[in-house]
Structures are given as C-alpha cells and as structure tokens.
Amino acid sequence: MPELPEVETIARKLAPVLTGQTIARVDVLWARTVDRPTPDAFCAALSGARVLTIDRRGKYIQMALSTGQTLLVHLRMSGKFAVYSDGPGEDTHARLRMQLADGTWVVYIDPRKFGRFYLVDDPHEITGALGPEPLSVDFTPEWLAAKVAQRRGEIKPLLLDQRFIAGLGNIYVSEALWQAGIHPQRSAGTLTTPEAQRLHTAIVAVLRAGLENGGTSLDGHYTYPSGGTGQHQDYLRVYDRAGEQCPRCGYTLERIVQGQRSTYFCPVCQIQPTP
DNA sequence: ACCACAACCTGGCCGC
DNA sequence: TGCGGCCAGGTTGTGG
C-alpha cells in the first residue's frame with residue numbers, strides 16, 4: 001500500500017482538516033487497529049485533545065497533540081482515510097472514526113486490518129529505529145555509497161528495510177533500481193561509487209515524481225481522504241509490467257521473487273555481473 | 001548479519 | 001456459479 005509519496009500526500013490532505021481541530025469523540029470499530037494503549041485508554045486520551053501539527057516520518061503519519069502526546073498511524077497494506085462533513089459514513093471496512101468539534105468525521109478504512117494507531121508520549125518510541133528520510137539533507141550519495149559497502153545481502157531487500165532508509169516500498173524500489181540500471185539481486189557491497197551515485201539520484205527522482213503526481217493508485221486501493229486518486233500509476237516503468245517491453249531497451253520485463261515480494265526489472269538494462 | 005518462512009487479514013482475479 | 005489457488009503498495013516474529 002502506501003509508500004512515502006502516498007503517505008506524504010495523505011498527511012498534506014489531512015492537514016487542513018485536522019490542524020487546530022479538537023477531537024470530540026473516537027470510536028474503535030476493530031480493536032486491534034489500536035496498537036497502544038488499550039482501545040479504551042486510547043479513546044479517553046484522545047477525546048478533548050487538539051491537533052497541533054500533522055506530518056510524516058517514514059511511512060508513519062504523525063500528529064502532535066495539545067496533550068503533549070503524539071498520535072502515529074501506519075496504513076500498512078490497505079489503510080486509508082475518508083473525511084465526511086455530514087455523518088460517519090457507512091464504509092464496510094471502517095475500523096476507527098473520530099468526530100471533530102466542528103462536526104467533521106475522519107474515518108479510518110482498512111479492508112485487511114493491518115494498519116495500526118499508536119498514541120505515545122514520545123514518537124521516538126515508534127520511529128526511533130527508522131533510517132534517514134530519503135528526501136532530506138541527511139540522505140547523500142556519500143552516505144549511501146558508504147552504507148551499501150558494509151552490506152552483503154541483495155540490494156533490493158536492503159532498500160525495503162525501513163531501518164536502512166525510511167519510506168521506500170516495493171513499487172518505488174523497483175522503479176529506482178531500473179532507473180539506476182542496477183540488478184535487484186546485486187550484492188549491495190559490490191556497488192561501485194558511480195552506481196551508488198546513480199542509485200541515490202534515482203531514489204530521489206522516483207520519490208519526487210511520485211509526490212508530484214500525488215502518489216500511485218493501483219486498483220483504487222490508495223485514495224485521498226476526499227476520494228480522489230493519485231496519478232503516478234501512469235508513470236511507472238517496470239512495476240507490475242512483467243511481459244511488457246522495457247521502455248528503455250524494448251526487451252521483455254521480468255518478475256522475480258525476493259524475500260517473498262515481487263520484483264520487476266529489465267534483464268538487459270539491469271545486468272547482474274557474474275559473481 | 002543474513003535468510004527462510006509464517007503470521008496478521010480480506011478481496012480480487014484466474015483457471016477449471 | 002462455485003471453488004481453490006495465487007496475488008496484493010507492509011511489518012514482525014521465529015528459528016535457523
């Protein structure tokens with residue numbers, strides 16, 4: 001589901017709805033949606049709290065509250081928000097809903113029930129182990145080159161590791177490796193300095209493009225709180241395109257499985273050097 | 001460090 | 001139509 005561009009887009013769309021608003025009531029419709037504290041304590045602590053700010057860290061949406069606590073939301077595979085001005089809606093897959101003091105309903109919808117809400121005193125408790133933000137100044141070509149050099153595993157699963165870099169997911173990793181011309185099964189430690197440089201450029205470029213296009217909406221899974229969709233699915237080069245032609249060289253794109261996840265790539269543009 | 005695999009869940013699609 | 005199998009943008013835990 002959502003990766004960095006989608007989560008960032010959702011946070012931006014929710015900001016004008018939530019910022020400065022007081023939460024009047026909270027209903028938890030699927031108990032496990034609330035990771036901590038208990039659902040009852042969660043509702044009690046949120047009721048009457050005002051939302052000061054809303055932003056993103058990795059794939060977490062985070063809201064600073066007037067109580068001093070922070071509310072974090074991870075959408076996992078199928079979570080999304082809907083905003084209604086005239087009632088709580090009637091979504092089959094609604095898992096949690098909040099009514100704001102002005103009457104607005106913010107409904108969390110999640111068919112697969114994987115998403116989680118965390119209400120904590122210190123957001124670091126949840127986000128402390130995340131790697132750097134790939135669109136921040138902390139993420140430099142030099143940093144990436146030095147870090148991949150220390151790793152033995154395949155580059156693709158490494159890029160999915162949120163402790164390594166925060167926010168990348170299955171779509172944007174496939175896209176970035178294709179753009180950089182690096183085979184997904186390359187051992188991370190064998191990347192040359194120019195390759196690490198190209199990978200850095202590609203990661204930043206695909207994330208920025210995804211963001212500019214409002215994120216990627218496949219099968220209507222990811223939608224904005226207003227119901228609209230992103231447009232970046234129209235710009236994907238390799239993701240979910242096995243059997244189609246590589247947009248760069250025309251060779252047939254392939255799908256392989258790494259770490260139980262699909263990887264899409266071009267076997268000509270992304271050559272695996274013989275070990 | 002690294003790997004493999006199961007688990008958490010529901011729904012859509014495809015082939016028979 | 002029905003049913004089984006596979007797939008899905010993510011993460012965590014367990015056991016090597």
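Values reported hereafter were calculated over all heavy atoms of this structure, with side chains retained and with hydrogens, waters and symmetry mates removed. Numbered from 1 within each chain, the chains take letters A, B, ... in sequence-line order.
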Spacing of [X] atom [atom1] relative to [N] atom [atom2], expressed in whole Å:
| X | N | atom1 | atom2 | answer |
| --- | --- | --- | --- | --- |
| A:M77 | C:dT11 | CE | P | 10 Å |
| A:Q258 | B:dC3 | CD | P | 10 Å |
| A:D110 | C:dA8 | CG | C1' | 13 Å |
| A:K156 | B:dC3 | NZ | P | 13 Å |
| A:K80 | C:dG10 | NZ | C1' | 17 Å |
| A:Q260 | B:dA6 | CD | C1' | 7 Å |
| A:R261 | C:dA8 | CZ | C1' | 9 Å |
| A:Y60 | C:dT11 | OH | P | 7 Å |

Please determine whether a side-chain nitrogen or oxygen atom of A:H74 lies at a distance below 4.0 Å from atom OP1 or OP2 of C:dT11.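 A:H74 to C:dT11 OP1/OP2: side-chain N or O found under 4.0 Å.
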
Please tell me if A:Q162 has a side-chain N or O lying less than 4.0 Å from either OP1 or OP2 of C:dT11.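 Yes, within the criterion.
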
Contacts of type side chain to side chain donor-acceptor pair (under 3.5 Å), residue [X], not counting sequence neighbours:
| X | value |
| --- | --- |
| A:R95 | none |
| A:K59 | none |
| A:R261 | none |
| A:R32 | none |

Decide whether [X] and [Y] meet the rule of one side-chain donor and one side-chain acceptor closer than 3.5 Å.
| X | Y | result |
| --- | --- | --- |
| A:Y172 | A:T216 | yes |
| A:N170 | A:Y264 | no |
| A:D86 | A:Y84 | no |

[atom1] gap between [N] and [M], integer Å:
| N | M | atom1 | result |
| --- | --- | --- | --- |
| B:dC9 | C:dG13 | P | 15 Å |
| B:dA6 | C:dG5 | P | 15 Å |
| C:dC6 | B:dC5 | P | 14 Å |
| B:dA1 | C:dG10 | P | 22 Å |

[X]/[Y] ion pair, N-O < 4.0 Å:
| X | Y | answer |
| --- | --- | --- |
| A:R12 | A:E8 | yes |
| A:D27 | A:R25 | yes |
| A:R186 | A:E154 | no |

Protein-nucleic acid N or O pairs under 3.5 Å, nucleotides 9-13 of chain B:
from, atom 1, to, atom 2, distance (Å)
B:dC9, OP1, A:R32, NH1, 2.7
B:dC9, O2, A:R112, NE, 2.7
B:dC9, N3, A:R112, NH2, 3.2
B:dT10, OP1, A:K113, NZ, 2.8
B:dT10, O4', A:P111, O, 3.4
B:dG11, OP1, A:H93, NE2, 2.7

Of all residues at least two apart in sequence or in a different chain, which pass the salt bridge (Lys or Arg N to Asp or Glu O under 4.0 Å) check with A:E254?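 A:E254 satisfies salt bridge (Lys or Arg N to Asp or Glu O under 4.0 Å) with no residue once adjacent residues are dropped.
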
Residue pairs, two or more places apart or on separate chains, that pass ring-ring contact (aromatic ring centres under 6.0 Å, His included) and touch residues 11-51 of chain A: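 Every pair satisfying ring-ring contact (aromatic ring centres under 6.0 Å, His included) with a residue in residues 11-51 of chain A: there are none.
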
Write down the protein N/O and nucleotide N/O pairs, taken from nucleotides 4-6 of chain C, whose separation is under 3.5 Å; answer none if there are no such pairs.
none

So A:S78, base contact, sugar-phosphate only, or nothing? Heavy-atom distance under 4.0 Å.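 No contact.
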
Applying ring pair (Phe, Tyr, Trp, His ring centres under 6.0 Å), name anything that partners A:H93, two or more places apart in sequence or on another chain.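 For A:H93 there are no ring pair (Phe, Tyr, Trp, His ring centres under 6.0 Å) partners, ignoring immediate neighbours.
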
Output all residues satisfying ring pair (Phe, Tyr, Trp, His ring centres under 6.0 Å) with A:F164, sequence neighbours left out; order by chain, then residue number.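 A:F164: ring pair (Phe, Tyr, Trp, His ring centres under 6.0 Å) contacts with A:W143.
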
Would you jot down, in residue-number order, the residues of residues 163-180 of chain A having a non-hydrogen atom under 4.0 Å from DNA chain C?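 A:G169, A:N170, A:I171, in order of number.
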
Heavy-atom closest pair, residues A:L168 and A:Q162: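 Heavy-atom minimum between the residues: O-NE2, 2.9 Å.
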
On DNA chain C, check which nucleotide each of A:R255 and A:Y118 is closest to and give me the residue with the more 5' one.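 Its nucleotide being nearer the 5' end, the pick is A:R255.
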
For DNA chain C, what string of dots and brackets results from 5' to 3' when Watson-Crick and G-U pairs need both distances under 3.5 Å, crossing pairs get [ ], and pairs with another strand get |? .|||||||.|||||||

